[in-house]
Amino acid sequence: MDKDSIIGLFLIAGILIGWMYISAPTPEEIARKKQLADSVAQVEQLKEQQRLNNKLVNTTAELPQLSDSLRLANKHKAYGDFIDAATGDDELISIENDLMRVSFSKKGGKIASVELINYKTFDDKPLILFDSTSTQSLKFSAFNKQFSTDSLYFTTSSTGGKVSGENSQSIAFRLNAGDPSKYIEYVYTFKGNDYMIDFRVNTVGMHNTIVNTSNSIVMNWNVKTPIQEKHYETQQNTSAVYFKQIDENVDYIGDTSDDSLVIENNVKWVGFKQQFFTSTLIAGDRFDGQVDVKSRKLTQQDGYIKDFTASLPIPYAHTANESFEMSMYFGPNHFKTLKKYDLDLEKQIKLGWKIFGWINRLLTIPIFNFLNGFNWNYGIIILALTLIIKALLLPIAYKTILSSAKMKVLKPEIDELNEKHKDDDPMKKQQATMALYKQAGVSPMAGCVPVMLQMPILIALFSFFPSSIELRQQGFLWCNDLSSYDSVYEFGFEIPFYGDHISLFALLMTVSTLLYTWSNSQVMGTSNQMPGMKWMMYLMPIMFLGFLNSYSAGLSWYYFLANMITFTQTWVIQKYVIDSDALHAQIQENKKKPVKMSKFQQKIEQMAKERQGQAKTQSRPKKK
């Protein structure tokens, strides 16, 4: 090798050494890589240990090479004193009364299903309010492990049976922890024919077993609500998690979307409310601590509506013997039934906001319950309800009709004023019109006020009918369920903003509204005025048709009846009660009398004159 070759080799070596030095990892990078490698190794070790534990505990039959004592030791390591509860038979025990049939499972000592005997689903199947996909379990720490009672087997001496009359029957499930003096116990008590079940959790001798790191143990409660009603979207939008805090109003989450909430303290009850039924867990005193509640929508293909969960803290003072009293309500959202418990459970029924809810509670429901006592068909009960409400509103309706008649009598004079002042300032024309009204003793707002007074009742009934479980699966004429939509024809496809069927009650309601609107425009003599407003009055009922087509048929039936009764009473009053000639003569007499103005009217008129003066001043050309 010549000198140039040797120099080239040294240069290459120098470049390689320099590159290795520059690209070498820093001490921090080396430490980071080592930490990452250790973490990966630790995770793999934990996975392997978990795999071995699962294999040792759950599949000991697959390890015949291990001795019985070794298998028992591994199993005891996994379950501690609950080793005897690790295996067992998932036997179901049923208790029923005249209202519901409840099945309990030895696995978890929990309720496995609740069937409401007097109700069926929309397709005539047994109505299961709570099924095997739902869970109810206690979660706590013991033996350096987390335990959940839904995977452990309880023991019981009960064989189930039937509760009748005013009798009561209890069934107890016990989870032993090593010896008979240490156990967790669930006691369920049926009190005759009631939808409410008393539920008590007893802990005996568990103070040295349950880890003393918290002053509560957690009751996990999860319910998947099955499809029960004909209209899936309506059931989904009316299902929500309701809850009541001590000294607070009832609140809810998750009616239209997925939602979750942490409730800080003093929770009295949590209810998983569906359209017409609810599953509610009630504390004897309170759930004192953070309560987590969640609501999640499920798809129609799942066969369920929503997935509700709640984590509820049960106070635990780590003493030898403790009990926590609760109750469980599984039943209908029937106002009178829920009201009798005096727990605000009836507020899970959506009766409308504020004043609308009070109208339903104080007026609609008492009248409806009274009529229900006659055992009529519910279509006839709605007719009778409509007649009673219309009778109560008759004085207001009369004032509305009388005001319309006065406006009709004055219309020729108002037309003359409009023609006279057509080229004048709009403010001047308005002042002349208002002066005519005052001279004649007619108020243009007199017809609006009575209508506004009737509106709260109409809106309140909009909430009442879809929430009334009495109408559920009750047929009338061609409709087989007044709580849902009626269908006289199925398209087989979806029409946007309308649906896949024709509701005849909704159509009748729309036609009657259009007829009443036309009739009212003829009475008022406004058929040729304000064309934009006129077409809006005709368009609104058609827009509502798309909504009511999939809404409660009972509501559409009520609105149809209300329209027809209003139309009839308007015709009768105009023809036989109000004398147009006498009314015209009275108005002419009123015009001869001096006009009395209130201070408020004087103030308004003064303001109008000032505004008119300002407008004239601004319109004058400025001097150069």
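Below, all heavy atoms of this structure are taken into account, side chains as well, without hydrogens, waters or symmetry copies.
For the atom pair R101 CZ and S113 OG, the distance stands at 9.0 Å (nearest 0.5 Å). Going from atom OG of S257 over to atom CG of N237 covers 10.0 Å, rounded to the nearest 0.5 Å. To the nearest 0.5 angstrom, L482 atom CG is 5.5 Å from L471 atom CG. A distance of 7.0 Å separates CG in L298 from OG1 in T225, rounded to the nearest 0.5 Å. Here the OG1 atom belonging to T203 is positioned 4.5 Å from the CD atom belonging to E322, to the nearest 0.5 angstrom. Here the straight-line distance linking atom CD of Q300 with atom CD1 of I305 works out to 7.5 Å at 0.5 Å rounding.
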* To do: Kindly determine whether D259 and Y252 satisfy side chain to side chain donor-acceptor pair (under 3.5 Å), including the steps that lead there.
  => CA-CA 10 Å; D259 204 354; Y252 66 93; over 6 Å; no

* What do the steps show when you test W269 against Y242 for ring-ring contact (aromatic ring centres under 6.0 Å, His included), and what is the final call? -> CA-CA 8 Å; W269 54 259; Y242 279 73; 7.5 Å; no

* Could you check F82 against F147 for ring-ring contact (aromatic ring centres under 6.0 Å, His included), going step by step and ending with a plain yes or no? => CA-CA 10 Å; F82 296 113; F147 286 90; 5.2 Å; yes

* **S94 vs S103, side chain to side chain donor-acceptor pair (under 3.5 Å): CA-CA, chis, key distance, verdict** => CA-CA 4 Å; S94 294; S103 295; 3.0 Å; yes

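Applying the salt bridge (charged side-chain N to carboxylate O under 4.0 Å, His left out) criterion to D198, with sequence neighbours excluded, gives K191. Remark: E185 engages A172, R174, Y183, V187, N202 in a side-chain contact (heavy atoms from CB on, under 4.5 Å) (not counting sequence neighbours). Judged as a side-chain contact (heavy atoms from CB on, under 4.5 Å), and not counting sequence neighbours, the contacts of N97 are L99, M100, V163, F190, N193. Scanning for ring pair (Phe, Tyr, Trp, His ring centres under 6.0 Å) contacts around H231 gives Y485, with sequence neighbours left out. Evaluation of the ring pair (Phe, Tyr, Trp, His ring centres under 6.0 Å) rule for F122 yields no partner, not counting sequence neighbours. Contacts of L383 classified as side-chain contact (heavy atoms from CB on, under 4.5 Å), with partners at least two apart in sequence or in another chain: L387, L561. Remark: F497 pairs with no residue by the ring pair (Phe, Tyr, Trp, His ring centres under 6.0 Å) rule, at least two apart or across chains. For R200, there are no salt bridge (charged side-chain N to carboxylate O under 4.0 Å, His left out) partners at least two apart in sequence or on another chain. By the side-chain contact (heavy atoms from CB on, under 4.5 Å) test, K106 pairs with E91, I93, T156, F173, sequence neighbours left out. Under the rule for a salt bridge (charged side-chain N to carboxylate O under 4.0 Å, His left out), K107 has no partner lying at least two apart in sequence or in another chain. For D307, the salt bridge (charged side-chain N to carboxylate O under 4.0 Å, His left out) criterion is met by R296, not counting sequence neighbours.
Within the 4.5 Å cutoff, no side-chain heavy atoms of L345 are placed close to those of F335. E264 places a side-chain heavy atom less than 4.5 Å from the side chain of Q290. Put simply, the side chain of I171 reaches to within 4.5 Å of the side chain of I95, judged on heavy atoms. Looking at Q245 and D251, their side chains never come closer than 4.5 Å, going by heavy atoms from C-beta outward. The shortest side-chain heavy-atom distance between V270 and T280 does not fall under the 4.5 Å cut-off.
Remark: the T149 side chain and the S137 side chain contain no N/O donor-acceptor pair separated by less than 3.5 Å. Side-chain atoms of Q348 and T278 form a donor-acceptor pair, as typed in the model, at a separation below 3.5 Å. Side chain to side chain, S295 and D258 fail the donor-acceptor criterion of an N or O pair below 3.5 Å. Using modelled atom types, one finds a donor on one side chain and an acceptor on the other under 3.5 Å when comparing Y304 with D131. Side-chain atoms of N220 and S311 include a donor-acceptor pair closer than 3.5 Å.
At distances below 3.5 Å, not a single donor-acceptor pair connects side-chain atoms of K336 with backbone N or O atoms of K340. Proximity of a side-chain donor or acceptor of K273 to a complementary backbone N or O of S279 within less than 3.5 Å is not detected. Using modelled atom types, one side-chain atom of Q235 and one backbone atom of Q228 make a donor-acceptor pair closer than 3.5 Å. Looking only at distances, a side-chain donor or acceptor of T121 sits under 3.5 Å from a matching main-chain atom of K125. Listed for the K268 side chain is a donor-acceptor partner under 3.5 Å among the backbone atoms of A283. No donor-acceptor distance shorter than 3.5 angstrom exists from the side chain of E346 to the backbone of H334, with no hydrogens or angles considered. Proximity of a side-chain donor or acceptor of Y551 to a complementary backbone N or O of G546 within less than 3.5 Å is not detected. Under the 3.5 Å distance criterion, the side-chain polar atoms of Q136 are matched with a main-chain donor or acceptor of I111. For K230 (side chain) and D123 (main-chain N/O), no donor-acceptor pair under 3.5 Å exists by modelled atom type. For the pair S467 (side chain) and S463 (backbone), a donor-acceptor distance under 3.5 Å is present.
Classification of the W557-F505 ring pair by plane angle, with boundaries at 30° and 60°, yields tilted. Ring geometry for Y186 versus F199: interplanar angle over 60°, hence perpendicular rather than tilted (30 to 60°). Taking the six-membered ring for Trp and thresholds of 30 and 60 degrees, Y119 and F277 have ring planes more than 60 degrees apart, a perpendicular arrangement. The aromatic rings of F368 and Y378 sit parallel, their planes meeting at an angle under 30°, below the 60° perpendicular limit. Aromatic ring orientation, F374 versus W376: parallel (interplanar angle below 30°, classes split at 30° and 60°).
Nearest approach of T566 to A562, heavy atoms of both residues: OG1-O, 2.7 Å.
Salt bridge status for E229 with R472: present, with a side-chain N to carboxylate O gap under 4.0 Å. A salt bridge links D255 with K350: at least one charged nitrogen is closer than 4.0 Å to a carboxylate oxygen. A salt bridge links K162 with D98: the closest approach of a Lys/Arg side-chain nitrogen to an acidic carboxylate oxygen falls below 4.0 angstrom.
The stretch residues 492-514 participates, sequence neighbours left out, in these side chain to side chain donor-acceptor pair (under 3.5 Å) pairs: D486-S503, Y498-N549, H501-N549, S512-N563, T513-N563.
Other residues, nucleotides and ligands contribute only 12 or fewer heavy atoms inside 6.0 Å of the CH2 atom of W358.
Applying side chain to side chain contact (heavy atoms under 4.5 Å, CB included) to V293 and the options L261, L312, T309 leaves one that passes, L261. With N333 as the partner, the side chain to side chain contact (heavy atoms under 4.5 Å, CB included) test is satisfied by one option alone out of I469, T238, L338: L338.
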